[in-house]
Number of protein chains: 2
Amino acid sequence: MLTIYSQFNSLKHLSKDDIIRISNCKTSKIIKKGEHIFEEGDYLNGVYCIKDGVCKVSKMSENGKNQIINLVKRGDLLGERSLISEEVSNLNAIALKDMEVCFIPKEEIFRDLEKNASFTMDVLKNMAFSLKNSDNLIVDMAQKSVKQRLAETIIKLQTKFGVNDSGAINLQLSREDIGNIIGTATESCIRLLSEFKKCRYIDFQGKNIIITNKNDLEKIAKGF
Amino acid sequence: MLTIYSQFNSLKHLSKDDIIRISNCKTSKIIKKGEHIFEEGDYLNGVYCIKDGVCKVSKMSENGKNQIINLVKRGDLLGERSLISEEVSNLNAIALKDMEVCFIPKEEIFRDLEKNASFTMDVLKNMAFSLKNSDNLIVDMAQKSVKQRLAETIIKLQTKFGVNDSGAINLQLSREDIGNIIGTATESCIRLLSEFKKCRYIDFQGKNIIITNKNDLEKIAKGF
DNA sequence: CGATTGCTTGACCCCCATCAATCCTCGTGG
DNA sequence: CCACGAGGATTGATGGGGGTCAAGCAATCG
C-alpha cells in the first residue's frame, strides 16, 4: 500500500568528496515527535536528509481530511520532488519519532545534478520508482476494500520498519495515523484491527501490532 | 482527477539535431482503436512518442478490476518510466482512437540522457510533475466520494481534450472507461451522469458529454 | 436482420462514515 | 501519592453511498 521501500537514497552515487561535503553541512536539526519539518505551501530551499527518526508525509484533501502519502525514514531524502519542480511543497512532513535531519541547500543539489550525471540518473531512477509505487497506490485506493488495504498496509509496515524484540512492528502509529494511511475513518480502522486480532492474524503489544499469521493477512490483501 | 496535463513532453529541450534524428525514426506505427501499444509485463525496448491519437494507460488490480491511470495524447511520450527504471511495464496502453506512434529505441534515449543535461533535467521535471499529480490522485481516490471524482474528472477531461463544434468534450469514452477512470462500477457512473444531466450540470451529444454548468460542477468536485 | 455489445434502470444489501457514549492511559498539579 | 483532565481507543447504533445482480433497451456490426 504505502511506498514502503527506501526512496530517494540517491546519495550513494555521489562521489566521496560530494558525500563528505554534504555530510559536513552545518544545519543539522533536531525535530521532536509531533513537530513538522515543513508544511503545505512552504518554499523548500533545499532538501532534508533524514539522519535518524521517521516522519509521515501527508496532504489535506479539499474535504478537510488528512491523507498520509508516505513514511520516510533514516537515509531517505525529503523534499526532492518540490525542489526539482521548483514549486512550493504540496505536502506536510511531521515527525513520528524524534528526528535528526540534515538540510542540504538547493545550490548544492543543483550543482550535483548539473555536474554529476550518475547522480542525476540515480535521482531519475528513484523518481521512476516512486512513480510506479504511486500508480500502484492509486489502483489500490480506487479498487480495494478498506480491509484489503489495511492488511496490505500492516504487511508493508513490517517490511519497511521491521520488528522489535517482541516481534511487534517497530513503529509507533496512532489508530488515526493508520486510518489516514489507508484512507478511512479511525473507527473503521479500529474495528478491522480488532477483527484481525479475533481471527488471530495479528496481536497487540500495547498499541503496537504483531503479525501472527502473515499468510492469511496476505490472502486478505489480495481479496480472499 | 486524472493527470490531465501533458506529461513527458521532454523533447522540447532537445537540440535541433536531436529532434531531426528522432523524427526520422524508421519505426512509425499505426495503432487502431482498441488495439494495445503494450501490455503489463511487456519489456519496452524504448519509448513511444504519440504523433496522433489518444490512448488510455491502465492497470489491473489484484481484484481483477481495471483502473485507468492516465490518458495520453499527441506530443506525449509513453513508456518513459519503465525505460528509466529498466523494468518490464506495469501498465497497459490501449488506443482510444486510431493512433500514429513513433518508436524511439532505448539507446537513443539513453544517449540523450547521458549527453544532454538539459534533456535529463527536463525529464526529471516532468517526472516530478507526474509524481505530484499521482500524489494528488491518491488523496482524491482515498478521500473523495465517487460523485466528487466524477465531477472533477469531467472538468479535467474538458481541460485536457477541449470541445468540438457542439461544445462536447472532444474525446469518445465509454461509460465503462469513465468508471475505470474514477474507480467505480459502470452502473454507478451512469447513474451519476444522469443525475448531473437532470441537474443541468451537463448534457449529452450522443454519448459525449457537454458541460453546461461548470461552476456547479466545480463546487461538487470540491464537496458541496 | 439476428446477435453481440454497450447503455440504462430497478432492487437489494453490505460496507463504511458518522455521531455518541464510555473506557483507558498517561501526564500534570495539588 | 492520588485526583483529575485530556486525548486516544473502543464499542454501539444508524443511515447512506455505492457495489452487484438482473432485466430491458438501444445501437452497432457482420
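Naming: A, B, ... by sequence-line order, numbering from 1 per chain. Just so you know, these numbers come straight off a predicted model, no measurement behind them. No hydrogens, no waters, no symmetry mates; every other heavy atom, side chains included, goes into these values.
Judged by atom type and distance alone, B:Arg191 does not reach the base of D:dG17 through any side-chain donor-acceptor pair under 3.5 Å. Judged by distance alone with a 3.5 Å cut-off, a donor-acceptor contact links the side chain of B:Glu187 to the base of D:dC21.
Put simply, the side chain of B:Arg149 gets close to the backbone of B:Ile182: a donor and an acceptor are under 3.5 Å apart.
Look at CD on A:Gln172: it is 12 Å from P on D:dG8, rounded to the nearest Å. Between the NZ atom of B:Lys207 and the C1' atom of C:dG6 there is a distance of 6 Å, rounded to whole Å. To the nearest angstrom, P of C:dG6 lies 12 Å from CG of B:Asn180. Protein atom CG of B:Leu192 is 10 Å distant from nucleotide atom C1' of D:dG17, rounded to whole Å. Here C:dT5 presents its C1' atom at 17 Å from CG of B:Leu173, a figure rounded to the nearest Å. The interatomic distance linking B:Arg175 (CZ) with C:dT8 (C1') rounds to 10 Å, in whole Å. Rounded to an integer number of Å, the gap from CD1 of A:Ile190 to P of C:dT25 is 14 Å. Between the CG atom of A:Asp177 and the P atom of D:dG8 there is a distance of 10 Å, rounded to whole Å.
Here B:Ser145 does not reach the OP1 or OP2 of D:dG17: none of its side-chain N or O atoms lies under 4.0 Å away.
Nearest-nucleotide positions on DNA chain D place A:Ser174 closer to the 5' end than the other of A:Ser174 and B:Lys65.
Pairs of residues two or more places apart, or lying in two chains, that qualify as side chain to side chain donor-acceptor pair (under 3.5 Å) and include a residue from residues 176-187 of chain A are A:Lys56-A:Asp177, A:Ser174-A:Asp177.
Listed nucleotides: C:dA17, D:dT11, C:dG10. Nearest to the side chain of A:Thr184: C:dA17. Among D:dT20, C:dC16, D:dA9, the nucleotide with an atom closest to any side-chain atom of A:Val146 is C:dC16.
Cation-pi geometry between B:Lys197 and B:Phe204 is not met at under 6.0 angstrom from the ring centre and within 45 degrees of the axis.
Relative ring orientation between B:Phe196 and B:Tyr201 is described as perpendicular, the plane-to-plane angle rising above 60° on a 0-90° scale split at 30° and 60°.
Residue A:Thr186 is classed as having no contact, given no heavy-atom separation below 4.0 Å to the nucleic acid.
With 3.5 Å as the limit, one finds a donor-acceptor pair spanning the side chains of A:Asn63 and B:Gln148.
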